[in-house]
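Here is the structure we will look at.
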Amino acid sequence: MNIFKKSQWSPYVAGALIGMVSWFAVLTAGKYLGVSTTFVRTIGMIESLFVPERVASMPYFVKEKPMIDWQWMEVLGILIGAFIAARLPGKFKGKFVPPMWEKRFGPDRFKRWFVAFLGGIILMFGARMADG
Amino acid sequence: MGTLILGLITGIFFGFFLQKGQALRYDRQLGMLRLKDFTILKLMVTAILVGMVGIYFFVDMGWGKLSLKPTILGANIIGGLIFGLGWGMLGYCPGTAIGATGEGRWDAFWGGVLGMLVGAGIFAEVYPSLKDSFLKWGDYGKLSIPALLGVNHWIVIALVWAVMITVLFVLDKKKSLIKN
């Protein structure tokens with residue numbers, strides 16, 4: 001169908017549909033759309049590969065258990081859904097540096113990734129402090 | 001159906017619509033933070049307006065429950081400021097970094113997803129020293145606007161709709177003024 005191959009939808013249409021996704025989540029699983037707790041569970045699972053006893057004794061990982069749950073699968077779904085949506089129009093290519101960044105800071109992808117990495121650390125620390 | 005499968009289905013639709021709504025782009029996110037491009041604001045506000053009507057209806061019908069996060073002034077305000085600083089540097093929020101990775105944006109993965117995992121790990125390390133002090137400052141418990149005002153939630157919903165529709169209308173008007 002044409003609508004799925006169109007590369008861009010109105011933000012109002014996409015937003016309304018996301019609102020309905022939140023209905024679906026509440027009705028089917030009693031869950032609310034969220035993402036950041038999954039990063040806690042995932043880093044806990046990764047650390048458990050190396051120091052399982054230490055992870056098991058850490059209060060934050062006792063609170064947010066390192067395991068795959070509804071939200072973890074939802075986050076995996078976001079990855080898959082975005083992948084499908086980006087490829088349906090059939091012209092998408094991977095991108096290393098965003099255009100607005102390149103215009104201001106140049107095309108060096110490692111510079112961009114380094115700042116993004118620091119930003120990611122700071123962002124997630126703040127998100128967990130404010131409880132998601 | 002299993003909870004995990006339902007989560008996966010929910011996420012696939014969520015990611016699909018985020019991508020079609022152009023929310024998975026650094027340029028759109030920074031455009032919003034720089035008050036130059038309100039695409040993501042329009043998407044978010046519409047999602048909230050549609051979402052709140054359905055969810056409060058389900059709650060009234062007994063088909064669902066609200067999930068309120070506690071209002072803790074210290075943690076919410078300082079955490080929010082730190083989040084905003086990192087968001088401006090990364091140019092994606094946690095969900096859109098995952099989606100942008102699916103879309104083929106490598107800065108979202110090598111920077112965003114890996115950085116956020118490290119950030120979550122660091123928070124887990126310092127959590128014991130924060131949880132009984134800083135994370136309790138100004139703890140007001142689970143508040144909601146209808147409960148605070150002591151009015152029926154549908155009155156609040158109608159007011160939020162009225163205010164937000166006005167905001168969106170003004171933003172659309174403003175954009176066309178700039179174009180002309």
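The figures here come from the full heavy-atom set of this structure, side chains too, leaving out hydrogens, waters and symmetry mates. Per chain, numbering begins at 1; letters A, B, ... match sequence-line order.
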Say whether B:Val167 and B:Val160 are linked into one hydrophobic cluster, either directly or through other cluster members, by side-chain heavy-atom distances under 4.5 angstrom.
yes
Among B:Leu168, B:Val59, B:Ile40, the residue with the most heavy-atom pairs under 4.5 Å to chain A is B:Leu168
Give, for atom CD1 of A:Ile84 and atom CD of B:Glu103, the distance between the pair rounded to the nearest 0.5 Å.
13.0 Å
Which answer fits A:Phe61, side chain, backbone, both or neither, if we ask what part of it has an atom under 4.5 Å from a heavy atom of chain B?
side chain
Is A:Phe117 close to B:Val118 at the side-chain level, that is, under 4.5 Å between some pair of heavy atoms?
yes
From the list B:Met116, B:Met52, B:Lys65, the residue making the most non-hydrogen contacts under 4.5 Å with chain A is B:Met116
Looking only at B:Ala97, B:Gly99, B:Gly64, B:Gly74, most heavy-atom pairs under 4.5 Å shared with chain A are made by B:Gly99
Please answer: with hydrophobic residues joined when any side-chain heavy atoms are less than 4.5 Å apart, are B:Ile72 and B:Leu68 in the same cluster?
no
Between A:Phe96, A:Trp72, A:Phe83, A:Trp9, which shows the greatest number of heavy-atom pairs under 4.5 Å with chain B?
A:Trp9
Please identify, among A:Gly94, A:Ser22, A:Ala16, A:Ala127, the residue contributing the most non-hydrogen atom pairs under 4.5 Å to chain B.
A:Ala16
Output the option from A:Gly120, A:Ala14, A:Pro59 having the highest count of non-hydrogen pairs under 4.5 Å with chain B.
A:Gly120
Looking at CG of B:Leu8 and CD1 of A:Ile80, how far apart are the two atoms once the value is rounded to the nearest 0.5 Å?
5.0 Å
Contact class of B:Gln22 relative to chain A, heavy atoms under 4.5 angstrom:
side chain
Identify which of A:Trp113, A:Phe24, A:Phe125 forms the greatest number of heavy-atom pairs closer than 4.5 Å to chain B.
A:Trp113
Under 3.5 Å, side chain of A:Trp23 to main-chain N/O of B:Val50, donor-acceptor pair present?
yes
Contact residues of residues 105-112 of chain A (partner chain B; heavy-atom separation under 4.5 angstrom):
A:Arg112
Any chance you could measure B:Leu114, atom CG, to A:Phe39, atom CZ, to the nearest 0.5 Å?
9.5 Å
Contacting moiety of A:Tyr32, where chain B heavy atoms sit under 4.5 Å:
side chain
Any chain of hydrophobic side-chain contacts (each under 4.5 Å) joining B:Leu73 to B:Phe83?
no
Counting distance only, does the side-chain N/O of A:Lys95 pair as donor-acceptor with the main-chain N or O of B:Trp106 below 3.5 Å?
no
Is it true that atom CZ of A:Phe114 has more than 12 heavy atoms of other residues, nucleotides or ligands lying nearer than 6.0 Å?
no
So how far is it from A:Ser10 OG to B:Lys20 NZ, rounded to the nearest 0.5 Å?
13.5 Å
In terms of heavy-atom pairs under 4.5 Å with chain B, which of A:Leu27, A:Thr42, A:Thr38, A:Val115 leads?
A:Leu27
Can you find a heavy atom in the side chain of B:Pro94 that is under 4.5 Å from one in the side chain of A:Met124?
yes
For chain A, find which of B:Gly21, B:Ala47, B:Pro70, B:Gly31 contributes the most heavy-atom pairs closer than 4.5 angstrom.
B:Ala47
Which atoms of B:Ile78 come close to chain A, meaning under 4.5 Å heavy atom to heavy atom: side chain ones, backbone ones, both, or neither?
both
So what's closer than 4.5 Å to chain B heavy atoms on A:Met58: side chain, backbone, both or neither?
side chain
Contact summary for B:Cys93 and A:Leu123, nearest pair of heavy atoms
CA-CD1, 4.3 Å
Please report the closest heavy-atom contact between B:Leu4 and A:Ile68, naming both atoms and the distance.
CD2-O, 3.9 Å
Chain A contacts: which residues in residues 122-150 of chain B have a non-hydrogen atom closer than 4.5 Å to it?
B:Ile122, B:Phe123, B:Ala124, B:Glu125, B:Val126, B:Tyr127, B:Pro128, B:Leu130, B:Lys131, B:Phe134, B:Leu135
Portion of A:Arg104 that has a non-hydrogen atom of chain B nearer than 4.5 angstrom:
neither
Which one wins on heavy-atom pair count under 4.5 Å against chain A: B:Ile48, B:Val45, B:Val113, B:Ile55?
B:Ile55
Could you tell me which non-hydrogen atom of B:Met89 sits nearest to which non-hydrogen atom of A:Gly119, and how far apart they are?
CB-CA, 3.7 Å
Show your working on side chain to side chain contact (heavy atoms under 4.5 Å, CB included) between B:Asp107 and A:Trp101 and close with a plain yes or no.
CA-CA 11 Å; B:Asp107 57 325; A:Trp101 171 280; over 6 Å; no
Identify which one of B:Ile9, B:Ile5, B:Thr3, B:Leu6 satisfies the side-chain contact (heavy atoms from CB on, under 4.5 Å) criterion when paired with A:Thr28.
B:Leu6
Heavy-atom pair count under 4.5 Å with chain B, highest-scoring of A:Arg87, A:Lys31, A:Met20:
A:Arg87
When you measure from the side chain of B:Lys69 to the backbone N and O of A:Asp131, does any donor-acceptor pair fall under 3.5 Å?
yes
Atom CG in A:Leu76, atom CD1 in B:Ile12: separation rounded to 0.5 Å?
7.5 Å
Any donor and acceptor pair, going by atom type alone, linking the side chain of B:Asp27 with main-chain N or O of A:Met100 inside 3.5 Å?
yes
Is it the side chain or the backbone of A:Tyr12 that comes within 4.5 Å of chain B heavy atoms, both, or neither?
both
Linked, directly or transitively: B:Leu117 and A:Phe50 (ILVMFWY side chains, under 4.5 Å):
yes
Among B:Phe16, B:Phe14, B:Phe109, who wins on heavy-atom pairs under 4.5 Å with chain A?
B:Phe16
Separation between CG (B:Leu90) and CD1 (A:Ile122), nearest 0.5 Å, reads 10.0 Å
Between A:Glu47 and chain B, which part of the residue has a heavy atom less than 4.5 Å away: side chain, backbone, both or neither?
side chain
Using the rule that Ile, Leu, Val, Met, Phe, Trp and Tyr join whenever any side-chain heavy atoms are under 4.5 Å apart, tell me whether A:Ile43 and A:Val55 fall into a single cluster.
yes
